[in-house]
Amino acid sequence: MTEDASPKKELAAVRGTKDILPKEVEGWQALERLARETFELYGYRELRAPVIEATELFEKGTGRTSDIVTKEMYTFTDKGGRSLTLRPEYTPSVVRAIIEHRLDLEVEPLRYYYMGPMFRYDKPQKGRFRQFHQIDIEVFGEKDAAADAEIIEMADSLLRKLGVTGTETLVNSVGCRECRPAYSRALREAAGKRKSGLCPDCQRKAETNPLRIFDCKVEACRAVARTFPLIQDFLCAECRDHFGKLLVFLDIYKIPYRVEPRLVRGLDYYTKTTFEVVSSHLGAQNSLVGGGRYDDMMKDFGGPDICAIGFAMGMERVLSIAELAPPKRKFLYLAYLGDEAKKAGLEMARYFRANGVECLVEFKDRGMKAHFGRANKLQAAWVLIVGGDEMKKGRFGLKEMATGRQVEGAREELLAFLREN
RNA sequence: GUGAGUGUAGCUCAACGGUUAGAGCAUCGGACUGUGGAUCCGAAGGUUGGGGGUUCGAUUCCCCUCACUCACCCCA
């Protein structure tokens, strides 16, 4: 590391992170509010877990061989010598919390949601950041495929409320510990046999992750991939039954979907259902929602043997294509003239705020013209005029900026006027 | 981690290797000290991302570095 000796060092947000400025925050708040409203309608409750966890949690939960764990984690040693990690995903934290607090013994259904920052040391590009935000939901102890369908429908419902269009829902089953090994073997074998017909990249994938060959854009590889066996033909009776039921429930909800046999997802822990919602309006990073079932994780952590399913939604990605109406914000600007009027004006502002009217007071002496110019620039809905004349009369002027209409009255009358308009 | 493209004022962009790096928009002030949007005038704003090199001279050419953008890998 060469430290540049220049006296002035540029201070900037670290690579892959972003400030969310007040203008953008409006959209974030709308998304957060709609997500909460939606999830609570399905009986979900918020569960807030820490941003940092023991590194081991992700090694065990996310998977030691996953890309996330092998090369994308923000891991550090704290002053007590513990290895900690900024969470790259949320699921392992919830599983940990359930076991730690024995939430599986509660009466309440185990349905949780959460939204917050996640951290992955990735190379930033469109729709991908090092600190990014996810909305995450998890359901535990529901093994019925109706639960799988319900969360897909819930994600769909939220996206509709956000005005997101051009999406496609992809579903697949990756089998379970009983049936998946046979498929992996068959696929690896098939890829090995046709290896010479593959691009260098796919030759490598034939060893590491043959499922990824399905994704290649090279036509020769696509042709080879079409000859590969499909997971559907390897599913055990239970998994096949589960998948069939999922599709039936999706039909009931009238959710259009496409069965995508190559949809495997990068996380190691999935079992049975996997799904993804993609959008044609995004760039290469086109996945808005990703999720699936992970029936073994709880047990693998040494907790109770209960199944689970959940999804994560990328907030930056969703916001980049959401069509949200800008919030209607109306506020009053206080125009005061002179010291005495300033004191009276501050009291007036206090009164209006106590009654739910947003008031902006700028502590800068201005002439009437300057006040109006400023109020106009700030897009104030109303201007309250407090000057010498008004104070004598005990009646104040209130101007509606959009129409130019101006009324006069005591503060109670003006409040009534504000509430009507 | 690999590859490509781009870095000039708050924003969008100019400037053949040649004077003191300009314009529009935005900001602030004035014309205009009891009523906004318009107009006019003015001001402020820059080590041309940073460092090194070539040159009499570099925003311009070369190298390194950093950042951004896009793609690969992977993922939300």
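In what follows, every chain begins at residue 1, and chains take the letters A, B, ... in the order their sequences are listed.
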From CD of A/Gln285 over to P of B/U69, roughly how many Å is that when rounded to an integer? 12 Å
Just name whichever nucleotide pairs with B/G7, Watson-Crick or G-U, keeping both distances under 3.5 Å, else none. B/C66
Could you tell me the Watson-Crick or G-U partner of B/C32, where both distances fall under 3.5 Å? Say none if there is no partner. none
Which residue lies toward the 5' end of RNA chain B, A/Thr403 or A/Arg130, if each is placed at its nearest nucleotide? A/Thr403
Classify A/Glu316 by what it touches in the nucleic acid, base, sugar-phosphate, or nothing, heavy-atom distance under 4.0 Å. nothing
From C-beta outward on A/Leu337, which listed nucleotide comes closest to its side chain: B/G34, B/A76, B/G36? B/G34
Using Watson-Crick geometry (N1-N3 plus N6-O4 or O6-N4) or G-U wobble (N1-O2, O6-N3), each under 3.5 Å, B/G22 is paired with B/C13
Can you tell me the distance, in whole Å, between the CG atom of A/Leu282 and the P atom of B/A76? 14 Å
On a plain distance test, is the side chain of A/Glu72 in donor-acceptor contact with the base of B/C74 below 3.5 Å? no
Give A/Ile385 one of three labels, base, sugar-phosphate or nothing, depending on what nucleic acid heavy atoms sit under 4.0 Å from its own. base
Salt bridge check: are A/Glu260 and A/Arg258 linked by an N-O gap of less than 4.0 Å? yes
A/Lys71 NZ - B/U2 P separation (whole Å): 12 Å
Taking the six-membered ring of A/Tyr121, is NZ or CZ of A/Arg130 closer than 6.0 Å to its centre and within 45° of its axis? yes
Neighbour count above 12 (heavy atom, 6.0 Å) for A/Arg350 CZ: no
NA contact type, A/Gly387, heavy-atom cut-off 4.0 Å: base, sugar-phosphate, or nothing? base
Taking atom C1' in both B/A21 and B/A38, compute the distance separating them and give it to the nearest angstrom. 33 Å
Using the P atom in both, what is the distance from B/U19 to B/G57, to the nearest Å? 15 Å
Between B/G7 and B/G50, how many Å separate the two P atoms, rounded to a whole number? 14 Å
Pick the P atom in B/A9 and in B/G45, then give their distance to the nearest Å. 14 Å
I'd like to know if A/Arg111 and A/Glu142 make a salt bridge, using a cut-off of under 4.0 Å between side-chain N and carboxylate O. yes
Closer to the 5' end of RNA chain B via nearest nucleotide, is it A/Val386 or A/Gly16? A/Val386
Taken to the nearest whole Å, CZ/A/Arg405 to P/B/U35 is 21 Å
State whether a side-chain donor-acceptor pair under 3.5 Å links A/Gln406 with A/Glu400. no
When you compare B/U60 with B/U47, how far apart are their P atoms, in angstrom units rounded to a whole number? 16 Å
Of the listed nucleotides B/U69, B/C73, B/A76, the one nearest the side chain of A/Lys18: B/U69
Any strand, both distances under 3.5 Å, Watson-Crick or G-U wobble: B/C73 pairs with none
Nearest-Å distance once atom C1' is located in both B/G46 and B/U8: 8 Å
Answer for the Watson-Crick or wobble partner of B/G46, both distances under 3.5 Å, is none
In terms of relative ring orientation, are A/Tyr74 and A/Phe119 parallel, tilted or perpendicular, with 30° and 60° separating the classes? perpendicular
A/His133 NE2 to B/A76 C1', straight-line distance once rounded to whole Å: 12 Å
Distance below 4.0 Å between A/Arg374 side-chain N/O and B/C28 OP1 or OP2: yes
Please check the phosphate of B/C70 (OP1 and OP2 only) for any side-chain N or O of A/Gln125 closer than 4.0 Å. no
Can A/Arg317 and A/Asn286 be counted as having a side-chain donor-acceptor contact under 3.5 angstrom? no
Could you state the NZ-C1' distance from A/Lys23 to B/G10, rounded to the nearest angstrom? 13 Å
How far, in whole Å, is B/C61 from B/G18 if one measures between their P atoms? 11 Å
Think A/Lys126 has a side-chain N or O under 4.0 angstrom from the OP1 or OP2 of B/G5? no
Does A/Lys123 make a side-chain donor-acceptor contact with the base of B/U2, cut-off 3.5 Å? yes
Base, sugar-phosphate or nothing for A/Phe311? Non-hydrogen atoms, less than 4.0 Å. nothing
On the nucleotide B/G37, are OP1 or OP2 found under 4.0 Å from the side-chain N or O atoms that A/Lys377 carries? no
Please report, rounded to the nearest Å, how far the C1' atom of B/A76 is from the OH atom of A/Tyr114. 15 Å
Looking at A/Arg329 and A/Glu358, is any side-chain nitrogen of the basic one under 4.0 Å from a carboxylate oxygen of the acidic one? yes
Which nucleotide in the set B/C32, B/G34, B/A67 lies at the smallest distance from any side-chain heavy atom of A/Glu390? B/G34
Atom P, compared across B/A14 and B/U6: separation rounded to whole Å: 13 Å
So what does A/Asp389 hit on the nucleic acid, given a heavy-atom distance under 4.0 Å: a base, only sugar-phosphate, or nothing? base
Indicate whether OP1 or OP2 belonging to B/C74 is found under 4.0 Å from a side-chain N or O atom of A/Arg128. no
Taking the side chain of A/Lys369 as its heavy atoms from C-beta onward, which of B/C73, B/U35, B/C32 lies nearest to it? B/C32
So what does A/Lys364 touch, heavy atoms closer than 4.0 Å: a base, only the sugar-phosphate, or nothing? sugar-phosphate
Answer with base, sugar-phosphate or nothing: what part of the nucleic acid does A/Gly397 contact at a heavy-atom distance below 4.0 Å? nothing
